[in-house]
Amino acid sequence: MLKSNALGIMNQMWAAHATSDAEAVAIAIEETLLAEELGFDSVWIGEHHNVRPGARFYGRIPASEMFLAHLAAKTTRIALGTGVRILSTTPPQRTAEEMSLLDLLSGGRAEFGVGLGSTPDVKPGDPARAAKAALFRSLLTEIVAHLAGTAPGAPMSPAPAPDLAARIWAAARDQATLAHIADAGINLVVGQAELPAIQAAIVQAYRAAGGTGLVRGVRLVFVAETHAEAMRDADEALSLYLGQMGGKGYHAEAMTKGLLAADPRTLEERALGVNFIIGSPAEVAGLLNDYVAETGVDRLDVMVQVPGLRTDAVRRSMALIQSAVKPLLKRAAQPAIA
């Protein structure tokens, strides 16, 4: 059961080639304002680099802190996070400075997802992957030292909030990095791309290593009043998403491990194979509760916008998630206040 009542949004800022950068950014701003109005607790913005000519869609924000600073000026309550910041692109002191400045500009509403960045051509066990993970651990250690004021040299400016390091969430998969963040007291985030069974093993490894932070998980969700309406309105988006994600990366890894059937019989099975939850409010709530129970995550974020979904349908889905899905999510009992 979820330990936190918070429900957030993850926006990877993906858009199809026909969508201009300006249009993608404008839609994201409008949907962040709507998310705050509807009562969502956070919005995380994905970091992506370069146009991908062979892909069906690609991300539009290479510097999420800049976009989040703009969103901070337009919002008052909602937490704003990087989802996730690729640490290897920036020196540790500069990363810590940007974290502290964004937190100052947002009035203490900043959260920071951090990670390695994707390596689609590097397989698990490859020495290059291990080297990249080691670099990530080293950079994260330096960032935390800057935030704590224990790094060599003069204190950084602006001065970070005392709890800023506690708002870091690391995306990690390998045992060494999971042990590292557990030892450092860093929270864990497991993303959209992996099956619940794989995420459950990651969460268990983090806990076994002594991790006491929170774990947040992400699922791609589209809700309509009925199952038939949801499948109809998500048809184009599901086709694009399956074409982009199916049969490669984490999806291929899951099939290799025997966690997915190579020939799913229904469209619903194909959707769940790429972790795309589509349905009525009751159906979606049930699948999200199953996901939480299997993985052991403490809090939940939903992806609500992917290419192929009409803007009006996304916004109706967001409203239904808050009004009809969230009340059905199972929460852990809170301790009584003496």
Side-chain angles (χ1 to χ4, degrees), residues 4 6-14 28 32 35 40-49 59-69 71-72 78-90 92 94-103 106 108-119 132-133 135-137 139-144 147 160-161 163-174 177-178 180-182 184-194 199 202-203 206 211 213-220 250 275 295 297-305:
S4 170
L7 182 63
I9 287 177
M10 167 72 79
N11 190 340
Q12 290 285 6
M13 291 299 300
W14 288 324
T32 299
F40 285 93
D41 296 276
S42 61
V43 170
W44 279 25
I45 300 296
E47 175 184 332
H48 299 278
H49 299 268
R60 303 302 174 92
I61 299 295
S64 52
E65 288 84 357
M66 291 184 66
F67 187 40
L68 292 169
L71 292 174
I78 198 165
L80 303 166
T82 58
V84 297
R85 170 72 179 259
I86 302 171
L87 296 189
S88 58
T89 62
T90 316
R94 179 57 183 259
T95 301
E97 290 167 347
E98 291 176 358
M99 287 178 169
S100 185
L101 181 57
L102 177 60
D103 193 51
S106 66
R109 292 184 284 140
E111 298 180 330
F112 297 95
V114 298
L116 292 168
S118 62
T119 50
K132 190 171 184 179
L135 174 62
F136 171 77
R137 296 191 295 271
L139 293 170
L140 182 57
T141 296
E142 289 189 55
I143 289 165
V144 171
L147 295 178
D163 69 334
L164 191 53
R167 286 181 267 142
I168 296 176
W169 303 75
R173 298 179 89 243
D174 65 284
T177 304
L178 289 167
H180 180 84
I181 66 170
I186 301 294
N187 304 302
L188 174 68
V189 57
V190 287
Q192 157 62 20
E194 295 167 307
Q199 292 186 344
I202 294 171
V203 175
Y206 172 71
L214 291 175
V215 180
R216 68 197 297 164
V218 183
R219 291 293 86 169
L220 174 56
Y250 293 131
N275 310 306
T295 59
V297 299
D298 302 308
R299 61 176 291 179
L300 188 63
D301 296 314
V302 290
M303 284 177 58
V304 297
Q305 197 280 341

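For the numbers below, each heavy atom of this structure counts, side chains included, while hydrogens, waters and symmetry mates do not. This chain uses plain numbering: 1 for the first residue, then up along the sequence.
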Could you report the tightest heavy-atom contact between [X] and [Y], atom names first, then the distance?
X: Ile186; Y: Ala165; answer: CD1-O, 4.2 Å
X: Ser64; Y: Thr82; answer: OG-CG2, 3.3 Å
X: Ile9; Y: Asp301; answer: N-OD1, 4.1 Å

Give the C-alpha distance, both sets of side-chain angles, the deciding distance and a yes or no for side chain to side chain contact (heavy atoms under 4.5 Å, CB included) between Val84 and Trp169. CA-CA 9 Å; Val84 297; Trp169 303 75; over 6 Å; no

Identified side chain to side chain donor-acceptor pair (under 3.5 Å) partner of Gln12 from the options His48, Glu47, Arg60: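 Output: one option passes, namely His48.
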
Okay, side chain of [X], backbone of [Y]: is any donor-acceptor separation there less than 3.5 Å?
X: Asp41; Y: Gly8; value: no
X: Ser100; Y: Ala96; value: no
X: Asn11; Y: Ile45; value: no
X: Gln192; Y: Asn275; value: yes
X: Asn187; Y: Val215; value: no
X: Gln199; Y: Thr295; value: no
X: Tyr206; Y: Ile181; value: no

Show which side-chain atoms of residues 110-117 pair as donor or acceptor with protein atoms under 3.5 Å away, not counting sequence neighbours.
from   : atom 1 : to     : atom 2 : distance (Å)
Glu111 : OE1    : Trp44  : NE1    : 2.9
Glu111 : OE1    : Arg216 : NH1    : 3.3

Hey, are Asp174 and Lys132 close enough for a salt bridge, meaning a charged N less than 4.0 Å from a carboxylate O?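 Between Lys132 and Asp174 there is no salt bridge, as every charged N stays at least 4.0 Å from the carboxylate O atoms.
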
Salt-bridge present (Asp103, Arg167; N to O < 4.0 Å):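 A salt bridge is present here (some side-chain N lies under 4.0 Å from a carboxylate O).
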
Working note: Arg85 + Met99, criterion side chain to side chain contact (heavy atoms under 4.5 Å, CB included); need CA distance, chi angles, decisive distance, verdict. CA-CA 10 Å; Arg85 170 72 179 259; Met99 287 178 169; 5.6 Å; no

